[in-house]
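Side-chain atoms are counted along with the backbone in the values below, which use heavy atoms only and exclude waters and symmetry mates.
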Amino acid sequence: MNLNKDIVIRPAEMDDADFIATNQVKMAWETEQFSLEFNTVHQGVLSVIENPAKGFYIVAVNENEKCGCLLITPEWSDWRNAWIWWIQSVYVLPGHRKAGVFGKMYHHIKQLVMQQPDVSGIRLYVDNTNVSAREVYTRIGMNGEHYRTFEWIK
């Protein structure tokens, strides 16, 4: 893939909901062989776009083609008296991988954090078996050594 250096990172709009939801279904299957129901995911995406308090999506566009997306959700940190933004639901179309799309999205988010005094950092979680994603996150300078995530999901 030949990545245009003028790739655009922009906030998601209502018209992006199908693209985002479709890619979330693909991502869940690719990374965890987990089957998501499209309509549920689509409603979840619309819920975020309609209610910015829940977070926000960004979309990467290369030569008028949407090629990636991710979700930012806020977490309040009493230790820092500031927000921490969690990167979630990362997806880059297969034909655009290894071309720097995620790096551009990450840099965009990092710049937004640097401009906002009430946001202190960025976190993400990754499935332990997703070695390629872990390598990407390490390469861009993120540290995966400090915390381990535990969960209970209904």
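For CE of Met114, the number of neighbouring non-hydrogen atoms (other residues, nucleotides, ligands) closer than 6.0 Å is 12 at most. In the displayed structure, Asp118 atom CG is contacted under 6.0 Å by more than 12 heavy atoms of other residues, nucleotides or ligands.
In this structure, CD1 on Ile58 lies 12.5 Å from NZ on Lys104, to the nearest 0.5 angstrom. Within the model, atoms CZ of Arg97 and CZ of Phe102 stand 13.0 Å from one another, a figure rounded to the nearest 0.5 Å. Atoms OH and CD, on Tyr57 and Gln88 in that order, are 8.5 Å from each other to the nearest 0.5 Å. Here CG of Leu70 is found 4.5 Å from CE of Met105. Values are rounded to the nearest 0.5 Å. In this structure, His42 NE2 and Asn39 CG are separated by 8.0 Å, a value rounded to the nearest 0.5 Å.
Contact of the Trp85 side chain with the Phe56 side chain is registered, since non-hydrogen atoms from C-beta on lie closer than 4.5 Å. Contact of the Asn62 side chain with the Val101 side chain is not registered, since no non-hydrogen atoms from C-beta on lie closer than 4.5 Å. For the pair Leu71 and Trp86, the minimum side-chain heavy-atom distance is 4.5 Å or more. A 4.5 Å side-chain heavy-atom check between Arg10 and Lys66 finds at least one atom pair inside the cut-off.
Side-chain heavy atoms closer than 4.5 Å link hydrophobic residues (I, L, V, M, F, W, Y) into clusters, and following such links, possibly through other members, connects Val61 to Phe19. Cluster membership check: Val92 shares its hydrophobic cluster with Ile87, using side-chain heavy-atom separations under 4.5 Å among Ile, Leu, Val, Met, Phe, Trp and Tyr. In the hydrophobic cluster analysis, where Ile, Leu, Val, Met, Phe, Trp and Tyr join through side-chain heavy atoms closer than 4.5 angstrom, Leu93 is grouped apart from Tyr106. Ile72 is connected to Leu112 through a chain of hydrophobic side-chain contacts under 4.5 Å among Ile, Leu, Val, Met, Phe, Trp and Tyr, so both are in one cluster. Residues Leu124 and Tyr91 fall into different hydrophobic clusters, defined by Ile, Leu, Val, Met, Phe, Trp and Tyr side chains chained together at heavy-atom separations under 4.5 Å.
No donor-acceptor pair closer than 3.5 Å links the side chain of Asp16 to the backbone N or O of Ala12. With hydrogens and angles ignored, the 3.5 Å screen pairs no side-chain donor or acceptor of Glu32 with any backbone N or O of Phe34. Looking at Gln33, its side chain does come within 3.5 Å of a backbone N or O of Trp29 through a donor-acceptor pair. Judged by distance alone, with hydrogens and angles left aside, the side-chain atoms of Glu37 form a donor-acceptor pair with the main-chain N or O of Thr40 at under 3.5 Å.
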Identify each donor-acceptor pair in which a side-chain atom of residues 45-52 lies under 3.5 Å from a protein atom, sequence neighbours left out, and give them as a table.
{"residue": "Ser47", "atom": "OG", "partner": "Lys54", "partner atom": "NZ", "Å": "2.3"}
{"residue": "Asn51", "atom": "OD1", "partner": "Ala53", "partner atom": "N", "Å": "3.2"}

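Of all non-hydrogen atoms in Ile84 and Arg123, the two that sit nearest each other are CD1-NH1, 3.5 Å. Across all non-hydrogen atoms, the minimal contact from Trp83 to Pro74 is CE3-CB, 3.6 Å. The shortest non-hydrogen separation linking Leu36 to Gln24 is CD1-O, 3.7 Å. Closest heavy-atom contact between Ile7 and Ala60: CD1-CB, 4.1 Å. Taking both residues in full, the closest heavy atoms of Met27 and Val90 are given as CG-O, 3.6 Å, listed atom of the first, atom of the second, then distance. Of all the heavy atoms in Pro94 and Glu30, the pair that sits closest is CG-OE2, 4.5 Å.
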